[in-house]
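A quick write-up on the structure given underneath.
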Number of protein chains: 2
Amino acid sequence: MADIHPEHAHIIEQTKANMPSEEILEKTAEVFKVFGDKTRIRILAALSEGEMCVCCLCDLLEMSQSAVSHQLSVLKAARLIKNRREGKQIYYSLDDAHIGAILCTGISHVEEG
Amino acid sequence: MADIHPEHAHIIEQTKANMPSEEILEKTAEVFKVFGDKTRIRILAALSEGEMCVCCLCDLLEMSQSAVSHQLSVLKAARLIKNRREGKQIYYSLDDAHIGAILCTGISHVEEG
DNA sequence: TGAATATATGAACAACTGTTCATATGTTTA
DNA sequence: TAAACATATGAACAGTTGTTCATATATTCA
């Protein structure tokens, strides 16, 4: 690693002081990591239209029940979605408005090139 | 995979019709995947304060030059950052305003619990 | 209660990812 | 031009991740 030029030293200190804590940055990366998978993005995009049961998601995504269920549990553990039971079926939906907002911002970024 | 209840069939079709294309969803997942690493989030958070050269980033992050450089190339390939040369040094900065916005939304989500 | 339905979960495995180490490339200075 | 400096990059390796397969749990209905 190279030595630091004196004129850079205070920029480094100032930047360090202004940055969010390591804990916040770590958690933020974890959140984005959960968004960073095609299957999970497809699930979130579907749920942004409204709540949906597991079998509907399987049909919509054309994926096995097991694969969908595993990803739902990842999304739920990260508090990106929540669920409710109605008889035999379990309906999933986005956990809060932030989730839809993050998804939208990402999609917009891609669509606008 | 279970059979689809008739009353669910049109919800599935409608949701499918309203969802972004597979290509958009795939690219969106790829973007979030790049955000989904602690080292890269730290780099982006640092650059959101202003441009910075590689050796400053190494010092700030307390990481090897090689590790930082590899991640910078990932960020650049995904067009999240850009760079300019000034003499021996190369300064990196966020590619556009969207990047800072996505980062901020993610951090806010974490900070607000 | 037993069968059918809907969903969850553990194990296993291939594919992917991030760091390190060694080295290459490009720029400045002596 | 040679040495020093700043950054990039290929190979390798350990750790992580997403799917499949098999099976478990929970609810309803006959």
Side-chain angles (χ1 to χ4, degrees), chain A residues 1-8 12 25-26 29-44 47 51-78 80-93, chain B residues 1-8 12 25-26 29-44 47 51-78 80-93:
Chain A
M1 212 182 307
D3 288 344
I4 294 304
H5 295 197
E7 70 263 30
H8 283 162
I12 293 173
L25 293 173
E26 168 99 57
E30 291 306 312
V31 169
F32 282 127
K33 194 174 291 182
V34 177
F35 278 93
D37 173 78
K38 192 190 180 187
T39 296
R40 291 191 293 264
I41 283 285
R42 292 172 80 213
I43 291 173
L44 293 172
L47 297 184
E51 70 172 8
M52 198 169 287
C53 63
V54 180
C55 60
C56 283
L57 283 168
C58 293
D59 185 80
L60 178 65
L61 305 178
E62 298 178 66
M63 288 183 65
S64 74
Q65 182 268 317
S66 183
V68 171
S69 209
H70 273 296
Q71 295 302 353
L72 287 171
S73 83
V74 171
L75 288 163
K76 184 144 186 289
L80 268 55
I81 60 176
K82 59 190 174 187
N83 60 14
R84 69 180 181 85
R85 178 180 281 278
E86 186 176 309
K88 271 181 291 191
Q89 297 177 340
I90 295 184
Y91 286 84
Y92 281 88
S93 54
Chain B
M1 211 181 307
D3 288 343
I4 295 303
H5 295 197
E7 70 263 30
H8 283 162
I12 293 173
L25 293 173
E26 167 100 57
E30 290 306 313
V31 169
F32 283 127
K33 195 174 290 180
V34 178
F35 277 93
D37 173 78
K38 191 189 180 185
T39 296
R40 291 192 292 265
I41 283 284
R42 292 171 81 213
I43 291 174
L44 293 172
L47 298 183
E51 69 172 8
M52 198 170 285
C53 63
V54 180
C55 61
C56 284
L57 283 167
C58 293
D59 186 79
L60 179 65
L61 306 178
E62 298 179 68
M63 288 183 64
S64 74
Q65 182 269 316
S66 182
V68 171
S69 210
H70 273 295
Q71 296 301 353
L72 286 171
S73 83
V74 171
L75 288 163
K76 184 145 187 286
L80 268 54
I81 60 176
K82 59 191 175 187
N83 60 13
R84 71 181 179 84
R85 179 180 279 277
E86 186 174 308
K88 270 180 291 192
Q89 297 178 341
I90 295 183
Y91 286 85
Y92 281 88
S93 55

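Remember, predicted model here, so these are calculated numbers, not experimental data. Lettering follows sequence order; numbering is per chain, from 1. Just the heavy atoms: all of them, side chains too, but no hydrogens, waters or symmetry mates, feed the values below.
- At the heavy-atom level, B:Tyr91 lies nowhere under 4.0 Å from the strands shown.
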Practice item. Could you walk me through whether B:His8 and A:Gln89 pass the side chain to side chain contact (heavy atoms under 4.5 Å, CB included) test, one step at a time? Key: CA-CA 12 Å; B:His8 283 162; A:Gln89 297 177 340; 3.4 Å; yes
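- Distances shown here put every side-chain N or O of A:Tyr92 at or beyond 4.0 Å from the OP1 or OP2 atom of C:dA6.
- Residues passing the side chain to side chain contact (heavy atoms under 4.5 Å, CB included) test with B:Ser73: none are found, sequence neighbours excluded.
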**Item:** Full working for side chain to side chain contact (heavy atoms under 4.5 Å, CB included) between B:Ser93 and B:Leu47
**Value:** CA-CA 5 Å; B:Ser93 55; B:Leu47 298 183; 5.6 Å; no
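- Under the salt bridge (charged side-chain N to carboxylate O under 4.0 Å, His left out) criterion, A:Lys88 pairs with no residue, sequence neighbours left out.
- Going from atom CG of A:Leu72 over to atom C1' of C:dT9 covers 13 Å, rounded to whole Å.
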Per-nucleotide protein contact along nucleotides 25-30 of chain C, 5' to 3', at a 4.0 Å heavy-atom cut-off (B base, S sugar-phosphate only, - neither), is -SBS--
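- One finds a side-chain N or O of B:Gln71 lying less than 4.0 angstrom from the OP1 or OP2 phosphate oxygen of C:dT19.
- Atom-to-atom, NZ of B:Lys33 to P of D:dT17 comes out at 12 Å; the value is rounded to the nearest Å.
- In this structure, the ring pair (Phe, Tyr, Trp, His ring centres under 6.0 Å) partners of B:Phe32, at least two apart in sequence or on a different chain, are A:Phe32, A:Phe35.
- Residues B:Val54 and A:Val74 each lie close to DNA chain D; by heavy-atom proximity, the contact nearer the 5' end of the strand is made by B:Val54.
- Within 4.0 Å (heavy atoms only), A:Lys76 reaches no atom of the nucleic acid at all.
- The side chain to side chain contact (heavy atoms under 4.5 Å, CB included) test applied to A:Thr39 returns A:Asp37, A:Ile43, A:Met63, A:Gln71, not counting sequence neighbours.
- Under the rule for a salt bridge (charged side-chain N to carboxylate O under 4.0 Å, His left out), the partners of B:Lys33 that lie at least two apart in sequence or sit in another chain are B:Glu30.
- The CZ atom of A:Phe35 sits 14 Å away from the P atom of D:dG18 (whole-angstrom rounding).
- A straight line from CG of A:Asn83 to P of C:dA6 spans 17 Å, rounded to a whole angstrom.
- Rounded to an integer number of Å, the gap from A:Leu75 CG to C:dT7 C1' is 15 Å.
- Residue A:Asp59 contributes atom CG, which lies 16 Å from atom C1' of C:dT5 at whole-angstrom precision.
- Judged by distance alone, the side chain of A:Arg40 and the main-chain N or O of A:Val34 form a donor-acceptor pair under 3.5 Å.
- Rounded to an integer number of Å, the gap from CD of A:Gln89 to P of C:dA6 is 6 Å.
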Which atoms of nucleotides 20-23 of chain D (N or O only) lie under 3.5 Å from a protein N or O atom, and what are those distances?
residue : atom : partner : partner atom : Å
D:dT20  : OP2  : A:Ser64 : OG           : 3.2
D:dT20  : O4   : A:His70 : NE2          : 3.3
D:dC21  : N4   : A:Ser66 : OG           : 2.6

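- One interatomic measurement links the two molecules: CZ of B:Arg84 to C1' of D:dA8, which rounds to 19 Å at whole-angstrom precision.
- As judged by a 4.0 angstrom heavy-atom cut-off over every strand, B:Lys38 is placed among residues making no nucleic acid contact.
- At least one donor-acceptor pair closer than 3.5 Å links the side chain of B:Arg85 to the backbone N or O of B:Gly87.
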